[in-house]
Amino acid sequence: MTELETAMRAALDRAPGVAAIACMDGRAGLVLGVCVRGQVPAETVELAALSAPDLCSAPPIAPDDADHPCPSALVTSETWVHAYARVPDRPDLVVMGLAERDTNVGLLRAWLGEVAGQLGRGP
Amino acid sequence: MIEAPASTPSARGVVVESVHDVCRFVDELEGRGAGELVVTGDAALGAVFVQDARICWAAAAGLARRLTELLMSHAGVDHRTMERLYSTCKRESLPLGEYLVDRGIVRPEDLRSVLAQHTVESLLTLVGPGRCARWLPRPHGGYSARFTFGTAEVLSLAGGICEPELVGCALDEMAGCFFSDEWAAAFVRTGDRAAPHPVALYGPAPESAAVLVRHAKWAISALDVVAAFGGAPEIVAVTLPEGRGARALVAYWYDGLVIVAEGDPQCAARVLNRRGQRKRGRG
């Protein structure tokens, strides 16, 4: 298990209401790690993580600019809440937390922000 | 869209097949100067006056009396009274609308609404397949900004006139979710158009139609991405980078419309709460 995966597993263990966590390198287009709890399919989590660069962005201000990277994003659907946060000082890295729809969204985002901060500081 | 280079430096051809074409042309002027887009077919069809990247008025052949009708309905005056007021203004070279406001016959917000309605109805008459216009730079018209219209507002109003049944529902939803200092827009994607077009705008209009269009593209793209991995999305919300003014951007489907808004960090929570209340109300 890599250091990143160890850190992600530890973060998931601290948050009983969270179903999965993943980390994506947006520049390389790679999912660096996925940790799931229970029966959550890892492929589904991976697919959502791969969308992180598209979702953590805002439309450009000037017409010819690229989309602007955003610090965090939130997606809700009938079943799930996906929260995304960019790792401070390493904005290519985005962590994603997945929880059931009835979770406390504010707590999920706060927890994910802490995890992103920890990953930014390194081991 | 700007066509081939103009034959003279002061006049150039502009394709005006849609209101969006007109708005895009105005946005591309980047606020420089004033001028008139003169639309001609077999005969003169009308003109659009632009000043400081805002549309001041549009006039189309056959719609001259429409402005008077709209003013009469807001002012609550009969035809004879309006004729008298019109004659006075003509004799004294006064702008009719502002004269009515100064006399307390029409409220300023009603005049603005009438002028916007008339401008957009005229624009919709002027544009069409194969239509072109000439851009003729003019001296500044001295129009007050409060009675002129940004391209975002014009594009939304035009969409609303074409899809009137969607406007009330969209405005109710946006007024229920967002504060008056946040802006939101409702878009519809119809079969004959690849890109979604706005049908209603709430709050302070963004600076240009181009901004509206970019936000619509972002929203559709984000919602499509989520649909690919998460099923039917309820909402996509992002925290905006510092320096963008607003703090958050949200997009969601509502009754066949895509709603996009820029607002404070709690705006996503308000949308979700309202959605939850509706579900509980139905259940």
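Every heavy atom of this structure was used, including side-chain atoms; hydrogens, water molecules and symmetry mates were not. Chain letters run A, B, ... following the sequence lines, proteins first and then strands; every chain starts at 1. No experiment lies behind these values; they were computed from the predicted model shown.
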**Student:** With only heavy atoms counted, which part of B:Ala222 is less than 4.5 Å from chain A, the side chain, the backbone, both or neither?
**Tutor:**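 Both backbone and side chain of B:Ala222 come within 4.5 Å of chain A.
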**Student:** Looking only at heavy atoms, which two atoms of A:Thr44 and B:Phe229 are closest? And how far apart?
**Tutor:**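 The answer is CG2-O, 4.1 Å.
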**Student:** Can you give me the closest heavy-atom contact between B:Val238 and A:Ser57, atom names plus distance?
**Tutor:**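 Answer, listing the atom of B:Val238 first, then A:Ser57: CG1-O, 4.0 Å.
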**Student:** Pick from B:Val236, B:Val225, B:Val226: which one makes a side chain to side chain contact (heavy atoms under 4.5 Å, CB included) with A:Asp54?
**Tutor:**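 Among the candidates, only B:Val225 passes.
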**Student:** How close do B:Arg214 and A:Pro60 get, heavy atom to heavy atom, and via which atoms?
**Tutor:** NE-O, 3.0 Å
**Student:** Nearest heavy-atom pair of B:Leu240 and A:Ala58: which atoms, and what distance?
**Tutor:**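 Heavy atoms only, the tightest pair is CD2-CB, 3.4 Å.
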**Student:** Which distance, rounded to the nearest 0.5 Å, do you find between the CZ of A:Arg101 and the CG of B:Leu272?
**Tutor:** 5.5 Å
**Student:** Might you confirm whether atom CG of A:Asp102 has over 12 heavy atoms from other residues, nucleotides or ligands at distances under 6.0 Å?
**Tutor:**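 It does: A:Asp102 CG has more than 12 such atoms within range.
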**Student:** Kindly give the heavy-atom pair with the smallest separation between A:Pro59 and B:Trp218, and that separation in Å.
**Tutor:**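 That would be CD-CG, 3.5 Å.
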**Student:** Which bit of B:Ala228 is near chain A, if near means a heavy-atom gap under 4.5 Å: side chain, backbone, both or neither?
**Tutor:** backbone
**Student:** Considering non-hydrogen atoms only, spot the tightest contact between B:Pro241 and A:His68 and give its length.
**Tutor:**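 Taking B:Pro241 first and A:His68 second, the nearest heavy atoms are CG-CB, 4.3 Å.
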**Student:** Check whether any side-chain heavy atom of B:Arg275 sits under 4.5 Å from a side-chain heavy atom of A:Thr76, and report yes or no.
**Tutor:**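 No, side chains not in contact.
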**Student:** Can you tell which part of A:Arg109 gets under 4.5 Å to a heavy atom of chain B, answering side chain, backbone, both or neither?
**Tutor:**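 When you check distances to chain B, only side chain atoms of A:Arg109 fall under 4.5 Å.
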**Student:** Return the CG to CD1 distance between A:Leu74 and B:Ile235, rounded to the nearest 0.5 Å.
**Tutor:** 7.5 Å
**Student:** Let's test your reading of the structure: which of A:Ala73, A:Ser72, A:Ser51 forms the most heavy-atom pairs below 4.5 Å with chain B?
**Tutor:** A:Ser72
**Student:** Determine whether more than 12 heavy atoms belonging to other residues, nucleotides or ligands lie under 6.0 Å from atom CZ of B:Arg274.
**Tutor:**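 Result for CZ/B:Arg274: enclosed.
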**Student:** Nearest 0.5 angstrom please: B:Lys217 NZ to A:Asp67 CG, how far?
**Tutor:** 11.0 Å
**Student:** State, with a plain yes or no, whether a side-chain heavy atom of A:Cys70 is found less than 4.5 Å away from one of B:Leu249.
**Tutor:** no
